[in-house]
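Please read the structure below before turning to the comments.
Lettering follows sequence order; numbering is per chain, from 1.
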2 protein chains.
Amino acid sequence: MKEGPDIALIGSLIGDPARANMLTALMGGRALTATELATHAGITLQTASSHLSKLEAGGLLSQRKQGRHRYYQLAEDEVGLMLENLMGFAASRGMNRHRPGPKDPALRKARVCYNHLAGDYGVRMYDSLIAEKQIEINGDDLALTPAGQSRIEALGIDYSALTKSRRPICRTCLDWSERRSHLAGSLGEALLTLFIDKGWAKREANSRAIRFTANGEKAFSELFPQ
Amino acid sequence: MKEGPDIALIGSLIGDPARANMLTALMGGRALTATELATHAGITLQTASSHLSKLEAGGLLSQRKQGRHRYYQLAEDEVGLMLENLMGFAASRGMNRHRPGPKDPALRKARVCYNHLAGDYGVRMYDSLIAEKQIEINGDDLALTPAGQSRIEALGIDYSALTKSRRPICRTCLDWSERRSHLAGSLGEALLTLFIDKGWAKREANSRAIRFTANGEKAFSELFPQ
DNA sequence: GGGATGCTTCGATTACCATCGAAGTATGAA
DNA sequence: TTCATACTTCGATGGTAATCGAAGCATCCC
């Protein structure tokens with residue numbers, strides 16, 4: 001009768017539209033204040049505060065106090081992966097909140113998935129890394145090959161810093177628009193940071209969308225050939 | 001602000017305890033009648049009926065009329081995968097509805113995941129199939145190798161019947177207790193059916209648990225060596 | 001046909017929870 | 001200290017949805 005883990009609890013946390021909007025906003029990867037999240041959800045600050053403490057109690061969000069602000073973010077990588085997964089399922093059922101709008105193609109092309117690159121570009125990068133044997137699949141785990149390691153170090157990513165964290169370096173995440181895997185984990189995060197630092201890509205203001213510059217497009221295609 | 005698919009809708013569907021109990025019960029793989037599902041959820045038939053039509057409208061369940069009974073089951077493999085995934089997330093957050101009971105070890109050892117084998121045995125089978133190169137990973141897809149094909153035909157599984165369906169033959173599913181992949185898809189289903197038809201394993205009455213016989217244990221170890 | 005079983009629909013009730021106004025706490029600035 | 005900003009807590013309200021009794025269909029059996 002009552003077997004296994006309690007999916008009703010998470011379900012009810014995500015099931016409220018205001019909370020779902022907040023979580024979606026946080027999938028953009030930026031830590032947001034309570035007030036910002038309230039506007040995203042279209043509710044007052046009091047209501048938002050109540051929702052946020054529920055999400056935090058449920059382990060979906062974590063909080064960081066900074067002066068008189070409280071910055072909220074997804075508690076862990078797993079939360080982002082789970083949400084992207086749910087979005088994929090929802091999309092496959094045609095559960096869309098709007099008819100595909102002008103922003104939609106941009107999202108499908110490239111977007112932030114919590115802290116790494118997703119969309120067409122995310123999948124292309126993943127496929128290219130696999131094809132060039134810079135990452136490889138061992139059962140459930142994804143690992144950086146020696147070739148891949150020297151490659152990312154050449155790009156200026158500090159490999160030893162990645163190994164210090166307890167988080168997995170490589171990890172797959174199921175892309176909701178492409179229905180295929182892309183790269184998550186600390187390397188996925190480092191690569192997106194790199195693109196932005198180099199000025200190849202920019203995050204859009206209130207959106208998950210990522211816009212590549214002309215230079216960025218070129219560099220990306222060279223780095224990750226089809 | 002309102003980007004991407006509507007996760008709140010699925011969330012709210014799963015978020016009700018009665019509905020979550022029904023879905024969990026249907027993860028046992030058997031099609032159940034409305035009355036049976038009502039008892040599983042601990043509610044009256046009227047209430048259950050209302051929940052069931054919501055779940056059906058949401059695309060999570062499908063219905064089959066047989067005489068005066070209505071048999072409900074998960075609409076598609078994807079629904080089962082999504083639920084198992086959510087359970088994994090819930091379990092990792094310690095969201096359990098009960099302190100680990102006597103049934104719990106049995107579930108972790110071997111259980112039905114909608115229509116295929118899960119738990120320790122499910123993962124062992126998957127690992128063995130990979131290690132012996134009978135299935136292989138190509139990017140996101142799992143494929144049966146020629147060796148694997150003749151192997152399952154030797155076991156008495158009708159390979160051509162598997163290819164006729166539009167469903168993928170091989171597919172990975174994330175195991176909530178082991179936190180690793182096991183085999184889903186039409187082959188996963190066929191293998192579990194085979195175990196039961198041969199009398200190697202039995203489904204328990206009102207549970208997802210699967211009990212292997214002494215013969216079954218032996219046959220399983222020989223077929224899928226560590 | 002008559003009766004029983006399985007399920008749905010209707011209607012009324014209840015309980016929960018999202019919502020917001022108002023007041024309270026904390027941090028920062030002046 | 002005083003004022004402003006950011007947020008939480010309290011309390012009251014309202015709306016939604018879960019719940020169940022009763023009645024209505026549908027199917028099967030005799």
Side-chain angles (χ1 to χ4, degrees), chain A residues 1-2 6-26 30-58 60-73 75 95 97, chain B residues 1-2 6-26 30-73 75 95 97 206:
Chain A
M1 177 111 78
K2 284 197 181 176
D6 190 2
I7 51 174
L9 218 159
I10 331 169
S12 65
L13 280 177
I14 302 174
D16 180 84
R19 285 194 288 260
N21 282 335
M22 292 176 161
L23 290 170
T24 311
L26 288 170
R30 297 182 153 93
L32 300 174
T33 66
T35 320
E36 287 169 325
L37 287 166
T39 14
H40 271 284
I43 51 180
T44 62
L45 189 54
Q46 304 96 290
T47 313
S49 175
S50 142
H51 285 308
L52 287 169
S53 41
K54 280 172 195 175
L55 287 171
E56 200 186 355
L60 297 191
L61 298 187
S62 68
Q63 197 199 100
R64 197 165 25 119
K65 280 185 80 165
Q66 209 164 87
R68 46 185 164 177
H69 293 276
R70 295 212 179 175
Y71 285 93
Y72 285 91
Q73 58 188 1
M95 290 173 169
R97 291 181 295 188
Chain B
M1 174 111 79
K2 285 196 179 176
D6 188 3
I7 51 174
L9 218 160
I10 331 170
S12 65
L13 279 177
I14 303 176
D16 180 83
R19 285 195 288 261
N21 283 335
M22 292 177 162
L23 290 170
T24 310
L26 287 171
R30 299 179 209 269
L32 299 174
T33 66
T35 321
E36 288 170 326
L37 287 167
T39 11
H40 271 285
I43 51 180
T44 62
L45 188 55
Q46 306 92 290
T47 312
S49 176
S50 140
H51 284 309
L52 287 169
S53 42
K54 281 173 195 174
L55 287 170
E56 201 186 353
L60 297 191
L61 297 188
S62 68
Q63 198 199 92
R64 194 164 29 116
K65 279 184 80 166
Q66 209 164 88
R68 45 186 165 179
H69 293 275
R70 295 212 180 175
Y71 284 93
Y72 285 91
Q73 58 189 359
M95 291 175 168
R97 291 182 294 187
N206 271 327

Looking only at non-hydrogen atoms, find the nearest pair between Ala20(B) and Ile14(B) and report the distance.
CB-O, 3.5 Å

Tell me which nucleotide among dT19(D), dC7(D), dA26(D) gets nearest to the side chain of Thr33(A).
dC7(D)

So, Ser53(B) side chain and Ser49(B) main chain: donor-acceptor pair closer than 3.5 Å or not?
yes

Side chains of Gln63(A) and Tyr72(A): donor-acceptor distance under 3.5 Å anywhere?
yes

Any side-chain donor near an acceptor of the partner, Thr44(B) and Thr47(B), under 3.5 Å:
yes

Contact class for Tyr71(A) (heavy atom, under 4.0 Å): base, sugar-phosphate, or nothing?
nothing

Of all the choices, dT19(D), dT9(C), dT19(C), which nucleotide is nearest to the side chain of Ile43(B) once you look at every atom?
dT19(D)

Take atom CG of Leu45(B) and atom C1' of dA23(D), then tell me their distance rounded to the nearest Å.
14 Å

Spacing of Arg64(A) atom CZ relative to dA6(D) atom P, expressed in whole Å
17 Å

Tell me if a side-chain donor or acceptor on Arg70(A) pairs with a main-chain N or O of Lys65(A) at a distance below 3.5 Å.
no

Could you check whether any side-chain N or O of Ser12(A) sits under 3.5 Å from a backbone N or O of Ala8(A), counting only pairs where one atom can act as donor and the other as acceptor?
yes

What nucleotide, of dA18(C), dC7(D), dT8(C), holds the atom closest to the side chain of Thr47(A)?
dA18(C)

Rounded distance (Å) that lies between atom P of dG24(D) and atom CD of Gln46(B):
15 Å

Could you check which of dA18(D), dG21(C), dA26(D) has an atom nearest any side-chain atom of Lys54(B)?
dA18(D)

Comparing Ser50(A) and Arg68(A) on DNA chain C - which has the more 5′ nearest nucleotide:
Ser50(A)

Give the rounded distance in Å between these two atoms: CD of Gln66(A) and C1' of dT27(C).
13 Å

Find the distance Leu13(B):CG to dT16(D):P and express it as a whole number of Å.
17 Å

Looking at side-chain heavy atoms only, is the closest gap between Ile43(A) and Met22(A) below 4.5 Å?
yes

Can you give me the dot-bracket string for DNA chain D, 5' to 3', counting Watson-Crick and G-U wobble pairs with both distances under 3.5 Å, using [ ] for crossing pairs and | for partners on another strand?
||||||||||||||||||||||||||||||

Value in whole Å for how far the P atom of dA18(D) lies from CG of Asn21(B):
14 Å

Most 5' of Ala34(B) and Lys65(A) on DNA chain C, judged by nearest nucleotide
Ala34(B)

Return the nearest nucleotide to the side chain of Ser49(A); candidates are dC7(D), dT8(D), dA18(D).
dT8(D)

Among dC20(C), dA6(D), dT19(C), the one nearest Thr44(A) by side-chain distance:
dC20(C)

Take atom CG of Leu52(B) and atom P of dT19(D), then tell me their distance rounded to the nearest Å.
12 Å

Within-4.5 Å side-chain heavy-atom neighbours: Glu56(B) and Ser62(B)
no

Nearest-Å distance, CD (Gln63(A)) to C1' (dA6(D))?
12 Å

Check the phosphate of dT27(D) against Arg70(B), side-chain N and O only, distance under 4.0 Å to OP1 or OP2. Yes or no?
no

His69(A) side-chain proximity, nearest of dT19(C), dG21(D), dC7(D):
dC7(D)

Quick check on dT19(D): is either OP1 or OP2 less than 4.0 Å from any side-chain nitrogen or oxygen of His51(B)?
yes

